[in-house]
Participant: 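Before I ask anything, here is the structure I am working with.
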2 protein chains.
Amino acid sequence: MRPTVHDIAAAAGVSLATVDRVLNQRPGVRLVTREKVEEAIRQIGYIRDVAAANLAKGRVYPLVFIVPTGDNSFMHGLRSEVHHATLRAGMERTDIRIIEVPAFDVPALVAALDALQGQDIAGVALVATDAPEVRAVVDRLVSERIPVVTLVSDLTDSTRHHYAGIDNIAAGRTAARLLGRFLGGREGDLTVLAGSMLVRDHRERLQGFSAVMAAEFPKLRLLPVLEGRDDPERTKSLVSKVLFENKDIIGIYSLGAGNRGLIAALRAVRPARELTVVAHELTQHTRAALIDGTIDAVLNQDAGHEVRSAIRVMKATADGQAVIADQERIRLDIFLKDNLP
Amino acid sequence: MRPTVHDIAAAAGVSLATVDRVLNQRPGVRLVTREKVEEAIRQIGYIRDVAAANLAKGRVYPLVFIVPTGDNSFMHGLRSEVHHATLRAGMERTDIRIIEVPAFDVPALVAALDALQGQDIAGVALVATDAPEVRAVVDRLVSERIPVVTLVSDLTDSTRHHYAGIDNIAAGRTAARLLGRFLGGREGDLTVLAGSMLVRDHRERLQGFSAVMAAEFPKLRLLPVLEGRDDPERTKSLVSKVLFENKDIIGIYSLGAGNRGLIAALRAVRPARELTVVAHELTQHTRAALIDGTIDAVLNQDAGHEVRSAIRVMKATADGQAVIADQERIRLDIFLKDNLP
DNA sequence: AAATTTCTGATTTACGTACATCAGAAATCG
DNA sequence: CGATTTCTGATGTACGTAAATCAGAAATTT
């Protein structure tokens, strides 16, 4: 059987109470004694039974998720996944609070984070807007030993403990290669559709996409980026307009949300125009478009995985426990019509 | 706080002992009383604290993994992942035993499963060879209330509780579309390289691949399947030979293991022959080939995820607990050179 | 050396559940 | 109806850890 606190006490020749003081870094232990105990812990390879400890402490993990409002499908799915996690709260000893903040609204996000100051919180997960003010609050929370995890969108140069999201540069590069290869050496124009260049994930996707296109697909020319602000109506008119004005367009990369508008615009010109399309985020709309051939590939990040991963990481960080790094790597999913879940 | 056994006792107007008898289906409770207690449990929404119960019971989960011997990279990686899981045994209350059985050896697999009869085991995970004899033993284990999970390769029509692996038909279809689209409307021959048509996963990949090719890429002709038996040397000579004899080959789908031989054969004819190649399983060899352009896409299943998922499912099944279905779906990973982990 | 202050040990209770024992109540049987 | 048999309650111990209390030992200061 694995060693317990009693074994430590016996091995170190001290009492249970002293072992407890060392383990829970309570005061009242001389340095030499503390080292003796720590040596014994190492010697016999003690590992704390977290379950028993949590039982004794009556531990719950008060977690906060800060997610943007807005009606785009991805964020809707994300909120729904967090909600699902709250249903498992009983089993997982979590107590999850969801705070909604207007998308891209830096002051609001900062205010929400600020309000957490001094509260008894075992972790914060936030969809970060990449601004210095946000970084400042996050760094302060970290310095107060509150586990912070960025979700979906990361925060440049911050000290957040973990990022639960995909590598967006790699996503952009992958989109470029898929589009490039699917177009099989043809020559023509490509249009890129983004939500907003203000968010880091969109910038990074574009960056990766442009890099691969420039280096490996010289026959494909990138048109100026269209910013649809994740708004279906606006997106639809932007796409319709550019398709009408430029007959050399043979491919589209949609790296943001608001694909409803894109799909509507595409359906309006099909099948006369033959276009190869790669989009982000698997939703009911992109799924349908994939099946009927309007879209050729969808890159996706699994919101459920991201939320569950964020929870595991926050709990582990709060306990000073190690995580299985491999398990927490969020993968870029590539969906063709054949491997839809 | 969430309700406990005491709350049930109070609500049902019975004693703790009686609640315990009902919860652990021990004898000595009248039907009416039992129903009264069960009603109370439902009423107050009691959920057993598994951690506390395991602590009280001193529960460990003795799990058995049956994996094939053989030196192909994928199985090597799988064994290594199971081994990693044994290192976490302390934290997870698991006690994992690894049994190695010669690949494709049905009697040996059956014997290994038979030997588990009557042993105190909380679950079995096996890489199934799809044979009626195997199904029979598995069904017997299931009828003895031992959780059984198939790993990587499933068992047709068996009653196994769960399959921790990818949808191989979908994988084959995806490979076909990638290859077809990457070849961008060109005409020519394709060669398919399998390990053995005796294993279900290989058959299914071929099935999916052939279906999509026939339906959507009529200009691409499938040559007879080459069986490399997952052996690098044999694979290398088979591929070299077919490439030499047939100059119309423009694409290759390698759906089994033993890609070392394939890659060697491809490097020998590069860059004179321009070939589009899709292979399975990300290993150090296929990774290198992806980076240098010898292979265009790699389809992969994450062995680490499969093993961890199998463990979670076996534990949950042993406890009669529900699993998060979404979390246990093993996804098909598609790797291009741009999204390598 | 005495008076403090700082450590350490011993002991107890608790967390939520499992499991065992024994006495007493209720139901069933003859 | 009494004698069984079957159920139920009361109680205690255990799992591994946390946390509190209090007495006593050791170190430090005066």
Side-chain angles (χ1 to χ4, degrees), chain A residues 1-41 44-61 89-93 95 120 122 318-321, chain B residues 1-38 40-41 44-61 89-93 95 122 318-321:
Chain A
M1 279 278 24
R2 69 194 246 202
T4 75
V5 281
H6 296 85
D7 301 318
I8 303 176
V14 299
S15 78
L16 255 182
T18 303
V19 173
D20 183 66
R21 286 177 188 118
V22 174
L23 279 177
N24 297 291
Q25 30 225 1
R26 267 187 275 276
V29 184
R30 242 182 325 157
L31 185 63
V32 280
T33 318
R34 153 162 283 122
E35 279 168 349
K36 204 166 56 178
V37 173
E38 277 162 353
E39 176 57 23
I41 292 175
I44 65 176
Y46 169 81
I47 24 178
R48 188 197 234 98
D49 184 330
V50 185
N54 283 345
L55 175 61
K57 274 192 288 211
R59 175 82 149 120
V60 284
Y61 298 85
M91 321 236 49
E92 303 180 343
R93 307 189 91 89
D95 174 20
D120 176 33
D319 291 339
Q321 290 254 305
Chain B
M1 276 281 20
R2 72 192 244 203
T4 74
V5 281
H6 296 85
D7 300 318
I8 303 175
V14 299
S15 80
L16 257 182
T18 303
V19 173
D20 183 68
R21 287 178 187 117
V22 173
L23 279 176
N24 297 290
Q25 30 225 0
R26 266 187 273 276
V29 183
R30 243 183 324 162
L31 186 63
V32 278
T33 317
R34 153 162 280 120
E35 278 169 350
K36 204 166 57 177
V37 173
E38 275 162 354
I41 291 176
I44 65 178
Y46 168 82
I47 23 177
R48 185 197 235 99
D49 184 330
V50 184
N54 284 346
L55 175 61
K57 275 193 288 212
R59 174 84 150 121
V60 285
Y61 299 85
M91 321 236 50
E92 303 179 344
R93 305 189 94 88
D95 174 19
D319 292 340
Q321 291 254 304

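Below, chains carry the letters A, B, ... as their sequence lines are ordered, and counting in each starts from 1. What you are looking at is a predicted structure, and each value in this text was computed from that prediction instead of being measured.
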Participant: Kindly state each residue pair satisfying salt bridge (charged side-chain N to carboxylate O under 4.0 Å, His left out) with at least one member in residues 45-54 of chain A, sequence neighbours excluded.
Facilitator: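 Output for this query lists A/D49-B/R93.
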
Participant: Is there any protein nitrogen or oxygen under 3.5 Å from a nitrogen or oxygen in nucleotides 26-30 of chain D, and what are the pairs?
Facilitator:
none

Participant: Provide, to the nearest angstrom, the distance between the NE2 atom belonging to A/H6 and the P atom belonging to D/dT17.
Facilitator: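 Answer to the nearest Å: 9 Å.
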
Participant: Let me check I have this right: for DNA chain C, each base becomes ., (, ), [, ] or |, based on Watson-Crick or G-U pairs with both distances under 3.5 Å. What is the full string?
Facilitator: ||||||||||||||||||||||||||||||

Participant: About how many Å separate OH of B/Y46 and CD of B/E38, when rounded to the nearest 0.5 Å?
Facilitator: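 It is 13.5 Å, given to the nearest 0.5 Å.
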
Participant: Search all heavy atoms of B/S15 against all heavy atoms of B/A9 and return the closest pair with its distance.
Facilitator: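 The pair with the smallest heavy-atom distance is C-CB, 4.0 Å.
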
Participant: Just the rounded figure in Å: distance from P of D/dC7 to CG of B/D20.
Facilitator: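 In whole Å, D/dC7 P lies 16 Å from B/D20 CG.
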
Participant: Considering only heavy atoms, which members of residues 48-59 of chain A lie under 4.0 Å from some atom of DNA chain C?
Facilitator: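 Output list: A/L55, A/A56.
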
Participant: Between A/L31 (CG) and C/dC7 (C1'), how many Å, whole number?
Facilitator: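 The distance from CG of A/L31 to C1' of C/dC7 comes to 13 Å, rounded to the nearest Å.
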
Participant: Without decimals, in angstroms, what is the distance between B/I8 CD1 and C/dA18 C1'?
Facilitator: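 Going from CD1 in B/I8 over to C1' in C/dA18 covers 13 Å.
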
Participant: To check you understand the geometry: which heavy-atom pair defines the closest contact between A/V50 and B/M91, and what is its length?
Facilitator: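 A/V50 and B/M91 have their closest heavy atoms at CG2-CE, 4.5 Å.
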
Participant: Once you round it to whole Å, what is the distance between C1' of C/dA18 and CG of B/D319?
Facilitator: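 Computing the B/D319:CG to C/dA18:C1' distance gives 14 Å.
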
Participant: Could you tell me how far apart A/Q25 (CD) and D/dA18 (P) are, to the nearest whole angstrom?
Facilitator: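 Going from A/Q25 (CD) to D/dA18 (P), I get 11 Å.
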
Participant: NA contact type, B/N24, heavy-atom cut-off 4.0 Å: base, sugar-phosphate, or nothing?
Facilitator: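 Contact class for B/N24: sugar-phosphate only.
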
Participant: Using modelled atom types and a 3.5 Å cut-off, is there a donor and acceptor pairing between side-chain atoms of A/R2 and backbone atoms of A/I47?
Facilitator: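 The answer is yes, because a donor-acceptor pair under 3.5 Å joins these two groups.
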
Participant: Give the rounded distance in Å between these two atoms: CD1 of B/I47 and C1' of C/dT17.
Facilitator: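 Distance check: B/I47 CD1 to C/dT17 C1' gives 14 Å.
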
Participant: Can you check nucleotides 9-13 of chain D for protein contacts, nitrogen or oxygen pairs under 3.5 Å, and list what you find?
Facilitator:
unit_1 : atom_1 : unit_2 : atom_2 : d
D/dG9  : OP2    : B/S15  : N      : 2.8
D/dG9  : OP2    : B/S15  : OG     : 3.3
D/dG9  : OP2    : B/T18  : OG1    : 2.5
D/dG9  : O6     : B/R21  : NH2    : 2.9

Participant: Quick one: pull up CD in A/E39 and CD1 in A/I8 and give me the separation to the nearest 0.5 Å.
Facilitator: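 Spacing of CD (A/E39) from CD1 (A/I8) equals 12.0 Å.
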
Participant: What pair of heavy atoms forms the shortest contact from B/A12 to B/A40, and how long is it?
Facilitator: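 Scanning both residues, the minimum pair turns out to be CB-CB, 3.7 Å.
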
Participant: What integer distance in Å separates B/L23:CG from C/dC19:C1'?
Facilitator: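 Spelled out: CG on B/L23 to C1' on C/dC19 is 13 Å.
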
Participant: Do any pairs count as a salt bridge (charged side-chain N to carboxylate O under 4.0 Å, His left out) and have a residue in residues 5-29 of chain B, sequence neighbours left out, and if so which ones?
Facilitator: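 Every pair satisfying salt bridge (charged side-chain N to carboxylate O under 4.0 Å, His left out) with a residue in residues 5-29 of chain B: B/D20-B/R26.
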
Participant: Once rounded to the nearest 0.5 Å, what's the spacing between atom NZ of B/K36 and atom OG1 of B/T18?
Facilitator: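 The OG1 atom of B/T18 is 8.5 Å from NZ of B/K36, to the nearest 0.5 Å.
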
